[in-house]
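Here is how names work: the chains are called A, B, and so on, in the same order as the sequence lines, proteins then strands, and each is numbered from 1. All values below were derived from every heavy atom in this structure, side-chain atoms included, with hydrogens, water molecules and symmetry-related copies excluded.
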Amino acid sequence: MKFDALVVGGGIAGMESSLKLADMGYSVALVERQASVGGRMILLSKVFPTLDCASCISGPKMSSTVNHPNITTFTTSEVEGIRRQSDGTFAATVRQRAKYVDWSACTGCQDCEVACTVAVPDQFNYDLAARRAAYIAFPQAVPKKAVLERAGTSPCTDACPAGIKAHGYVALIRDGRYEEAFQLILEATPLVATLGRACYAPCEESCTRGDLEGTLPIRRLKRFVADWHYATYDGPGVEPAAPTGQRVAVVGSGPAGLTAAWQLARRGHAVTIFEAAHEPGGFLRYALPEYRLPRAAVDQDIANVTALGVEIVVDHPVDDVAGLRAAGYDAVVVATGTPLAQSLHIPGEQHAGVTSGLAFLRAVREGESWDLSGRTVVVVGGGNVAMDAARTARRLGAAVTVVYRRSRGEMPANHVEAEDAEQEGVSFAFLLAPAEVVADAAGHASAVRCQEMRLGPPDASGRRRPEAIPGAERVVACDLVISAIGLRPDGDAFAALSHDGSGALVADPTTLATALPGVFVAGDAVTGPSDITRAVGQGRRAAHMLDRWLRGEPLDGFHALDDRLAVVDHAAVLARQRTHSRRDPAVSGIDFSVTPHDFAELEPALTEVEALDGVSRCLDCGVCSECGACSRVCPADAIHLEQHDEMLDLEVDTVVVATGYELFDAYQKPEYGYGTFPNVITATEMDRLLAPTRPFNTVLRPSDGKVPERVAYVSCVGSRDRTVDNPLCSKICCMYSIKQHQLIMGALPLADVTTHYMDMRAAGKRYEEFFSQGKDMGATYIKGRVAKIEEKDNGDLRVFYEDIENGGRVVEAEYDLVVLSVGVRPNPDALHLFDEEDLAASEFRFVAEPAGDHSPGRTSIPGVYVAGASSGAKDIVDSIMHAGAAVAQAAATLEVAHPRRRVPLEVH
Amino acid sequence: MRERDRREVIRDEPLMHAPIRRELAGGPLTVPELAERLGRPPEEVLLWVMGMRRYRQVVEVPDSDDEGYFRYQLVASDEEVLA
Ligand SMILES: Cc1cc2nc3c(=O)[nH]c(=O)nc-3n(C[C@H](O)[C@H](O)[C@H](O)COP(=O)(O)OP(=O)(O)OC[C@H]3O[C@@H](n4cnc5c(N)ncnc54)[C@H](O)[C@@H]3O)c2cc1C
Ligand code: SF4
Ligand code: SF4
């Protein structure tokens, strides 16, 4: 994109520069970091010395800027780098951060703000009050459009292989919106009760709160909303889309098949699930033990699917997918899981008394009566199936030893499962590999002869490879051997589909489409053994792609998993706060028994108090929780979470830097107690309290909402002060303080205002008169520095100051509220805008004007000008004048470079 | 003395909506009165009440600051007004 001029910063100086250049007929690109132009001025109450309303002056300029035909305004944008070309022009790279709102549709109605579940400090009120993650910058924002603040994907959400918005449902629960939380999970899968109990919860492993005193109970919160929904409503409360007239067959009713069917039915397709077993649910029903996942919970979840009209045909194994197409199904999803157990491949495996973990668990789930009291069971394997089999055998009365050929650290089982097994009295024998099942005279297994192992170097999986110790063997006596060393898909079940050496069906990993048109695969049948959440993610993906295939659309756009923002970094989240209070988790745990004897569900449900305590600990890592509340209420359908930042390349002939100033950080003067004593605030905060769009109903002190009667000002905080490396006068503090005194006395007629000052700098047109006006209204001015401030129990403040005019003694006074007139510091951004050379800085790190005396606004780089407070402290009048000086020179540069480029414009 | 980081306090606002609504259902209260009932520091309660005020869930009772503190009351929702 080509423009004559680039103006960086949309405060008063940047707007003035842009408007003047644009009025001269030049095309201007104005880049502003915030969501609105206006800079600091629009946040002010009134302006000195006229006491005109800041919005009344700034507002029209803001809208002229944004609506000027020669100005293109890029808000929420930042210059990443500017390069000066050999011909003297500039190439700039600008990052336009995604707003996640379509501004051409947004009407600025604020419904999204009201619905938003995340409260954060409002930077436009200098953190005095809250705003929402969905926000319109401030009431007079131009453009008045909403933006979502997103720092990235929250670690919990990022970790979920099912694409469930974990942070979203946590935030909805925190807002008391349990049903919306349930519905948010339903957007991913019907298996809410199931995942709330049996998911291995990678979200919790990733939770930032784990770096403090412990992770949130994210999984159990899911169960909390599932229990709540099922106790409150009949049916899922989801309306499917209008029927498409298309029929889809889903083969297999495990988590992948059920999720695919659910997603397809929601989109209006007629879905039939064909299931080989007698009841639907796959491993949920036939493998996971009742004590972890009660059958009733699985039934509740499956009822969601059938409620949408999905037909489940049981006892119906399918082997001919092409036949399904021929029978009238427009498309097929194969989600048959991993029904086959890996063989031990050792002698004696065929004996009676040897079974697979899968067969054992299924038999118990189907109600076969097994009495293992007084028996000894060896479970071979270190995975999750081995843990389930071992704990099930314990419940049937057996003494159980898990034999695993590597060590504890290499066990593939989820560590929680292994720890729970131990708590229930399961023994572990590590570094033992079964070599033979030994049988008794009746041909029944009586022992496992094992080879002792040691760990060698890591293998391809990164785990250390077990090696046999020559001659070292051990025999473990037993009555039953349960082999649980792995599961695999049944690749041979479908002649029409190809599979790899492990039996896994072959498909494109992103689209899950097979070589057969209209046939998709999902879940463990493709990936090999994984877990419920991964299978759910696969089911979602297959359904998404199949739906697009049916509509004749390209197989892409699976935003739920393929298009997430980068995950936010734990350290960055924790650094947003100066302190974190300790909030120990208050949730009831499991009462384990070393001799468990029944299959009743082990883990108690969270009580409402525990659930709310849990969600209160969330750190809102990604800021926006992706709860979707805003999208649901937006009447303009303007919210688009899938937007991305855009990089823009601009070519310009001149650059005006108008990035303004920063404020002195009052924390650097600990003797004044800013940040520690709530009633010590800065003057910028006071300007907000006095503004018509103030955050409180009037000026209130922050400790308790009292209307203050005794207000003190401390001037020159962080200015003229070598202890904080700033000997400069900030020029504006005296005048803005006097302005505020007058406004306070107007707003709070009973208030006394006292200023502790060094000397009053009133050099400017009508400034001295303004000072006199303050005194005449009754403000008190005491010459002398404040030494320190202390806080009383009731929040009042004791100020110790030097009274120069009365002999220089130290005096103590009490106030309700103390305002620090903080000074101005340079904005360091300005100096680093250019890639190959930094803009030269003045001694105090403002943008230098090497020829300042006769060419104000000219910088060290030819063709680059500086306007406003970027080059040093300035009030509004001076900023506007300085912008004029800078633009006149920028225009001269343009005129020399391209005399014919000017677009004639009628200036009124 | 400030007890908790302001961001942490503000983050609790959605969680505090229901308890604050419950307390204000009995009539308008000042920030210190609400704080006492909720057992939370008044500084935190002010942040929550002002957050709710911003989004039109509570409003001050006009001229109620004779004792130095305004009283705040619930704003009837559209449904409540229609009912
Ligand atoms: C408490 C207080 C009260 C005041 N009261 C008055 C008053 O009554 N009267 C008066 O005359 N003056 C007053 N001032 C001074 C006044 O605020 C400044 O003179 C004026 O805002 C300077 O304008 P500016 O455009 O140079 O900078 P700013 O207003 O700071 O604007 C700079 C803009 O640049 C943007 N920006 C920064 N870096 C980048 C980047 N890298 N890329 C893109 N955008 C960026 C910022 O977001 C901002 O919008 C007061 C100041 C304070 C602190
Ligand atoms: S709800 Fe929609 S239209 Fe209204 S402000 Fe938010 S994004 Fe804009
Ligand atoms: S703190 Fe909250 S947002 Fe962050 S990872 Fe944990 S649950 Fe998710």
Side-chain angles (χ1 to χ4, degrees), chain A residues 110 113-122 125 127-132 171-177 576-581 583 612-613 615-620 673-680 694-698 700-709 748 750 791 793-795 816, chain B residues 1-22 28-38 40-73 75 77-78:
Chain A
Q110 289 188 293
E113 290 186 70
V114 175
C116 181
T117 53
V118 175
V120 292
D122 178 5
N125 276 310
D127 294 359
L128 275 176
R131 63 163 169 85
R132 300 293 180 251
L172 285 163
I173 297 172
R174 186 175 55 194
D175 211 11
R177 293 147 80 171
R576 291 179 195 148
Q577 289 178 210
R578 285 173 193 266
T579 58
H580 291 272
S581 56
R583 294 173 109 175
L612 293 177
D613 174 81
V615 293
S616 77
R617 297 170 54 244
C618 176
L619 294 161
D620 288 329
Y674 180 77
T676 311
F677 308 147
N679 294 330
V680 176
R694 57 187 158 256
F696 303 164
N697 46 302
T698 180
L700 301 175
R701 65 178 200 171
S703 74
D704 57 1
K706 183 178 169 190
V707 180
E709 290 180 359
L748 312 175
L750 298 180
E791 189 191 48
D793 286 347
N794 64 358
D816 295 325
Chain B
M1 197 71 90
R2 178 160 294 152
E3 289 178 23
R4 297 201 288 156
D5 189 279
R6 216 183 257 167
R7 176 175 274 267
E8 185 173 313
V9 177
I10 285 176
R11 204 162 47 230
D12 280 347
E13 189 204 311
L15 197 63
M16 296 310 293
H17 286 170
I20 290 175
R21 288 181 155 276
R22 267 197 298 276
L29 294 171
T30 65
V31 167
E33 286 165 351
L34 247 178
E36 172 137 20
R37 289 173 192 222
L38 295 167
R40 307 299 291 257
E43 184 195 1
E44 301 194 356
V45 174
L46 178 73
L47 280 170
W48 301 327
V49 168
M50 290 306 149
M52 293 174 77
R53 181 180 174 277
R54 175 171 185 166
Y55 296 105
R56 299 179 288 278
Q57 298 175 45
V58 300
V59 68
E60 64 279 6
V61 177
D63 301 324
S64 62
D65 61 329
D66 291 350
E67 305 295 318
Y69 295 93
F70 277 90
R71 281 184 291 131
Y72 297 90
Q73 62 190 356
V75 175
S77 67
D78 291 349

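For the residue pair Arg6(B) and Asp127(A), the shortest heavy atom distance occurs at NH1-O, 2.8 Å.
Proximity of Met1(B) to Phe677(A): side-chain heavy atoms (C-beta onward) are separated by under 4.5 Å at one or more points. You'll find the side chain of Ser581(A) reaches within 4.5 Å of the side chain of Arg4(B), heavy atoms only. For the pair Pro121(A) and Ile10(B), the minimum side-chain heavy-atom distance is below 4.5 Å. Contact of the Arg2(B) side chain with the Glu791(A) side chain is not registered, since no non-hydrogen atoms from C-beta on lie closer than 4.5 Å.
Interface check for chain B: of the options Gly795(A), Gly176(A), Ala119(A), the most heavy-atom pairs under 4.5 Å are formed by Ala119(A). By number of non-hydrogen pairs under 4.5 angstrom with chain B, the leading residue of Pro678(A), Gly673(A), Gly705(A) is Pro678(A). Between chain B and the residues Pro708(A), Ala129(A), Ala171(A), Gly675(A), the most heavy-atom pairs under 4.5 angstrom are made by Gly675(A). Per-residue heavy-atom pair counts under 4.5 Å with chain A were compared for Met16(B), Glu44(B), Arg53(B), and the maximum is reached by Arg53(B). For the set Val615(A), Val118(A), Asp620(A), the count of heavy-atom pairs under 4.5 angstrom toward chain B peaks at Asp620(A).
Within the 3.5 Å criterion, the main-chain N or O of Cys618(A) finds a donor-acceptor partner in the side chain of Arg11(B). The main-chain N or O of Arg578(A) is found under 3.5 Å from a side-chain atom of Asp5(B) such that the two form a donor-acceptor pair. Panel note: side chain Arg174(A), backbone Pro14(B); no donor-acceptor pair is recorded below 3.5 Å.
Contact annotation for Thr117(A): only backbone heavy atoms (N, CA, C, O) come within less than 4.5 Å of a heavy atom of chain B. Only the side chain of Arg54(B) comes within contact range of chain A, with at least one heavy atom under 4.5 Å from a heavy atom of that chain. For Arg177(A), no part sits under 4.5 Å from any heavy atom of chain B, backbone or side chain. With a 4.5 Å cut-off on non-hydrogen atoms, Glu8(B) touches chain A through its backbone and its side chain both. Contacts of Leu700(A) with chain B are made by side-chain atoms alone, with heavy-atom separations under 4.5 Å and no backbone atom involved.
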Test side chain to side chain contact (heavy atoms under 4.5 Å, CB included) on Arg7(B) and Val120(A) and set out the steps. CA-CA 6 Å; Arg7(B) 176 175 274 267; Val120(A) 292; 4.0 Å; yes
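Here the straight-line distance linking atom CZ of Arg694(A) with atom CE of Met50(B) works out to 11.0 Å at 0.5 Å rounding. Taken from CG in Leu15(B) to CG in Asp613(A), the straight-line distance is 9.0 Å, to the nearest 0.5 Å. Distance CG/Asp704(A) to CD/Glu33(B): 12.0 Å, rounded to 0.5 Å. Atom-to-atom distance recorded for Arg701(A):CZ and Tyr69(B):OH is 5.5 Å, nearest 0.5 angstrom. Between the CG atom of Asn679(A) and the CD atom of Glu43(B) there is a distance of 8.0 Å, given to the nearest 0.5 Å.
Evaluated for a side chain to side chain contact (heavy atoms under 4.5 Å, CB included) with Asp65(B), the options Thr698(A), Val707(A), Leu748(A) yield exactly one hit, Val707(A).
Within 6.0 Å of CG in Asp63(B) there are 12 or fewer heavy atoms belonging to other residues, nucleotides or ligands.
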